[in-house]
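These numbers were taken from a predicted model, which means no experiment stands behind them. Read the numbers this way: they start at 1 and go in the same order the structure lists the ligands and their atoms.
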Amino acid sequence: MATAFPTATILGYPRIGRRRELKRALEAYWAGRSSGEELATAFTSLRHATFDRLAELGYSREDAAIPDNSSLYDQVLDITRLLGATPERFAGKNGLDLYFALARGDESVPPLEMTKWFDTNYHYLVPEIGPETPISFADDHLVQRFVEANAAGTVTRPVVVGPVTYLALAKAAESAPDGWQPVERIGDVVAAYREFFEALGAAGAPWVQVDEPALVSDNLGTRRTELAELAGRVWADLASSGARPSILLTLPYGDGNTALPAVAGSGVDAISLDLVRGAAPEAGAVDLSGVHLVAGLIDGRNIWRADLAAGRDALESLKALGAAGLSVGTTNSLQHVPHDTADETWADPTLDAHLHEWLAFADQKVSETVTLANGLEQGWDSVAQQIADATTALAARAIAPGVRREDVRSRTGALTEAERTRVPFTEREPIQAEKLALPILPTTTIGSFPQTPEIRNARASLLRGDIDQAGYTEQIRGEVAKVIKLQEDLDIDVLVHGEPERNDMVQYFAEQFDGFAATRNGWVQSYGSRCTRPSIQWGDVARPAPMTVEWTSYAQSLTQRPVKGMLTGPVTILAWSFPRIDISLGESADQIALALRDEVADLEAAGTAIIQVDEPALRELLPLDAGRHADYLAWSVGSFRAATAGVRPDTQIHTHLCYSEFGQIIDAIAGLDADVTSIEAARSKMEVLPELAANGFFRGVGPGVWDIHSPRVPATDELVELIRAAAASVPANRLWVNPDCGLKTRAYPETIATLTNLVEAAQAVRGELAS
Ligand code: GLN
Ligand code: ZN
């Protein structure tokens with residue numbers, strides 16, 4: 001007898017723990033301070049804390065409303081383990097050693113590659129699949145988790161990444177023939193999922209949740225329409241199995257309408273649509289009579305309290321679709337939001353009262369699903385008060401001080417194309433060359449130097465009040481002086497101050513802008529045990545005072561060589577924060593851009609000849625729907641230009657992008673019109689440069705020659721080779737020599753060793769080019 005789908009659910013809960021318990025447990029285990037058993041115990045108790053919390057918030061323990069999306073490290077890695085799809089180089093490893101070697105590497109093997117999960121700031125581990133990779137139902141951890149929870153009184157709904165998404169996110173193993181694609185293994189993967197589902201069914205699981213976000217994305221190798229067709233076949237096959245649990249198939253992060261006809265007819269029991277990022281289908285457009293519809297109305301990507309009246313209206317109109325049943329859900333797993341607004345207090349007392357009214361973290365979102373489900377089941381009168389409260393909060397927010405500032409709006413409204421435009425690069429280039437008088441192949445770094453324990457201690461002491469602002473400033477100045485001296489000793493041409501004063505390249509600015517609030521406990525998993533605390537953009541953005549000028553000027557006062565001013569760009573600030581949703585991202589980006597434009601002007605006035613504006617998230621925010629790419633690229637590039645185009649022709653603007661897949665945004669990179677662009681290139685051995693050159697990119701380029709993700713010290717010869725390879729695609733007078741990214745996660749020994757080699761290599765190739 002099938003269990004009906006619950007009327008309210010979430011597609012997943014934060015996994016790291018409200019006090020980052022998982023992070024602590026993992027790091028203790030990796031450091032050898034605890035055993036595998038202790039790790040397992042900590043993990044189980046964290047899962048149960050989640051189940052208990054969800055029960056407390058109103059979910060039943062009996063009807064699979066409570067998802068189990070827990071993972072020791074990553075949900076994609078969990079499928080790699082489930083399938084036993086272990087690349088050759090890990091042979092001989094087992095259990096937790098294997099699991100963590102895949103995730104983090106060890107002395108003998110490099111880990112799986114890590115990359116961003118759809119358009120989020122979460123990173124998953126990329127499966128490596130070849131024609132010979134073993135694939136079967138090889139591991140029953142996820143079944144055992146259900147069994148254990150069930151025995152302890154909670155009938156969970158296990159959550160897994162779906163087979164189509166798993167293969168769409170995989171890369172071909174190095175041994176695979178040219179042009180071979182992981183999706184060719186779909187038959188083996190489906191056979192393994194079939195066995196897995198049967199094992200879950202045998203264990204008594206009433207429902208399993210399978211996430212298929214690949215079906216909403218145009219940004220993967222395979223097109224969305226092709227994936228939809230494949231998914232239709234895959235899911236018909238899997239649904240035909242007799243002894244399986246009921247299947248909830250989810251289409252999070254985007255518009256599910258391309259895939260919906262194919263999967264709705266496949267025989268899966270329920271489908272969840274992201275109705276914030278996509279629209280509901282037209283009534284009659286798709287036959288939903290055989291499936292239960294989970295309406296993803298509560299936004300799992302941001303932290304704003306929902307408009308419950310709008311939710312009620314949406315649910316009422318969804319009834320016209322004629323689905324077999326209707327429930328309320330979140331758009332996606334809540335793994336992307338913090339736990340609970342009750343854990344926060346904001347320093348500014350007015351803001352404190354406001355933000356508690358305006359925000360919904362995971363726990364509040366669970367309650368929102370419960371409210372809407374109660375309305376759906378018992379009539380809207382039964383939840384009239386909650387709906388009215390949400391409406392009142394929204395209305396109060398719209399008119400609260402700082403949310404809309406005429407001084408900010410009139411500036412963005414008056415921004416002209418001329419203000420986003422510099423004189424042509426070809427005119428700027430000779431002026432800058434004369435002013436800076438740099439050697440060819442100038443050497444530089446991306447900005448940060450190692451964040452030592454001393455720097456972190458200084459920051460912690462300041463927060464605790466053990467030292468005062470003056471004492472802190474003095475310590476940080478000492479660090480800047482050390483970094484400048486080191487770079488001079490290394491004979492680097494363009495210096496940086498090292499960013500020791502920055503906890504984080506976004507939060508540092510968010511804390512100084514009007515309109516942003518930093519959280520204290522709002523941790524969100526970035527990957528594995530790593531978390532970030534995105535700031536909240538709640539109002540119109542302005543810069544009350546200069547943010548970086550003192551540090552840069554101080555650094556410049558210590559040396560004759562140019563020191564780069566260092567800022568984070570508008571797109572990256574938005575991508576790594578929780579942006580507001582009552583105005584467009586483009587409007588927000590322009591507000592931030594104008595605040596940065598003032599900072600850029602102040603840096604220039606203080607004598608800074610080179611200003612770098614980092615945009616490492618430019619690609620990450622690219623919409624999954626190709627139809628929205630052009631609009632995105634227009635506002636994102638426009639905001640960068642608004643931030644940077646106010647400078648004189650002799651001021652050199654740099655930007656930094658830390659990835660090397662440029663295909664879809666190559667025109668945008670040219671559109672930024674930066675004088676110099678540093679990019680990631682070491683791992684791909686400069687392969688991106690011919691692509692850039694072929695696309696007519698002709699400004700300064702700094703392809704990273706050192707892969708800073710690993711402590712390995714590349715030898716001078718190796719660096720010479722990379723610089724020579726770069727010089728084959730980029731004219732030598734426009735080529736820069738630098739690492740792939742900032743050095744804040746590196747330690748000093750490898751930093752000094754590598755930068756020594758890097759300078760030596762640049763000088764060697766300079767010599768070759770001169771003769
Ligand atoms: N300037 C920053 C740094 O060096 C850039 C970091 C990044 O690209 N993520 O740390
Ligand atoms: Zn970077």
Side-chain angles (χ1 to χ4, degrees), residues 114-116 121-123 443-452 455-456 459 476 479-480 483-484 486-487 492 494-510 526-527 530 532 534 547-548 551-552 555 563-577 596 599-600 603 608 610-621 640 643-644 653-662 665 669 672 674 676-684 688 701-710 736 738-748 750-751 754-755 758:
M114 206 166 58
T115 201
K116 297 249 160 125
N121 191 19
Y122 174 77
H123 305 67
T443 51
T444 191
T445 61
I446 304 303
S448 57
F449 265 68
Q451 288 252 338
T452 58
I455 300 175
R456 275 194 279 270
R459 202 157 23 246
I476 297 292
E479 186 65 30
V480 170
V483 168
I484 292 290
L486 172 64
Q487 294 171 92
I492 292 176
V494 171
L495 312 193
V496 296
H497 77 286
E499 304 179 23
E501 78 288 10
R502 302 188 189 174
N503 40 8
D504 172 281
M505 66 186 286
V506 169
Q507 193 184 331
Y508 179 75
F509 292 96
S526 169
Y527 62 89
R530 290 294 187 98
T532 63
M547 304 178 286
T548 65
W551 296 115
T552 308
V563 176
K564 291 193 271 191
M566 197 59 67
L567 305 174
T568 303
V571 179
T572 300
I573 288 180
L574 284 174
W576 294 348
S577 304
L596 293 170
E599 186 73 13
V600 166
L603 282 168
T608 311
I610 306 182
I611 300 168
Q612 178 172 313
V613 179
D614 293 327
E615 280 293 20
L618 186 64
R619 187 176 179 285
E620 171 185 324
L621 228 53
F640 181 91
T644 53
I653 297 290
H654 288 214
T655 190
H656 167 67
L657 313 166
C658 41
Y659 39 81
S660 58
E661 313 88 52
F662 289 126
I665 60 161
I669 297 172
L672 297 176
V676 179
T677 303
S678 63
I679 55 175
E680 183 176 310
R683 271 187 288 193
S684 65
V688 298
V701 183
V705 291
W706 175 22
D707 173 11
I708 58 85
H709 299 91
S710 123
W736 287 64
N738 48 257
D740 264 342
C741 193
L743 306 175
K744 61 176 166 265
T745 55
R746 292 272 56 87
Y748 267 105
E750 71 259 22
T751 296
T754 307
L755 292 178
L758 181 146

Quiz prompt | Protein contact of atom 6 (C) of ligand 1 - nearest heavy atom, named by residue and atom, plus distance | solution = M505 SD, 3.4 Å

Quiz item: Taking atom 1 (N) of ligand 1 as the point of reference, which of V613, D504, D614, T572 owns the nearest heavy atom?
Solution: D614

Exercise. Apply the side-chain contact (heavy atoms from CB on, under 4.5 Å) test between Q612 and each candidate in V496, V676, T568, I446; give the one that qualifies.
Key: I446

Quiz item: Which ligand 1 atoms, with their elements, are less than 4.0 angstrom from a heavy-atom of C741?
Solution: 7 (C), 8 (O), 9 (N)

Quiz item: Hey, is ligand 1 close enough to W576 that some N/O pair sits below 3.5 Å?
Solution: no

Quiz item: Which atom names give the shortest non-hydrogen contact between C741 and H656, and what distance separates them?
Solution: SG-NE2, 3.7 Å

Exercise. State, to 0.1 Å, how close G565 and T608 come at their nearest heavy-atom pair, and which atoms those are.
Key: N-CG2, 3.5 Å

Quiz item: So do the side chains of W576 and D504 get within less than 4.5 Å of each other, counting heavy atoms only?
Solution: no

Quiz item: Side chains of W551 and E499: closer than 4.5 Å at any heavy-atom pair?
Solution: no

Quiz item: How far is atom 3 (C) of ligand 1 from its nearest protein heavy atom, and which residue and atom name does that atom have?
Solution: S448 OG, 3.3 Å

Exercise. Determine whether the side chain, the backbone, both or neither of P616 has a heavy atom under 4.0 Å from any heavy atom of ligand 1.
Key: side chain

Quiz prompt | Least distance between heavy atoms, E680 atom then C658 atom | solution = OE1-O, 3.4 Å

Quiz item: Where the side chain of T655 meets the backbone of T677, is there a donor-acceptor pair that is under 3.5 Å apart?
Solution: no

Quiz item: Any idea which heavy atoms bring G704 and D740 closest together, and the distance?
Solution: CA-OD1, 3.2 Å

Quiz item: Under 4.5 Å between any side-chain heavy atoms of T444 and I610, yes or no?
Solution: no

Quiz item: Going by chain and residue number, what protein N/O/S atoms come nearer than 2.8 Å to the Zn ion (ligand 2)?
Solution: H656 NE2, C658 SG, C741 SG

Quiz item: Which atoms of ligand 1 are found less than 4.0 Å from any heavy atom of G447?
Solution: 4 (O)

Exercise. With heavy atoms of G742 as the reference, note each atom of ligand 1 found under 4.0 Å away.
Key: 3 (C), 4 (O), 10 (O)

Self-check item: Exercise: identify the closest heavy-atom pair between T751 and W706
Solution: CA-CH2, 3.8 Å

Practice problem: Show which atoms of ligand 1 fall inside a sub-4.0 Å distance from at least one heavy-atom site of K744. | Solution: 10 (O)

Quiz item: Can an N or O of C658 be found at a distance shorter than 3.5 Å from an N or O of ligand 1?
Solution: no

Quiz prompt | Shortest non-hydrogen separation from R456 to Q451 and the atoms involved | solution = NH2-O, 3.2 Å

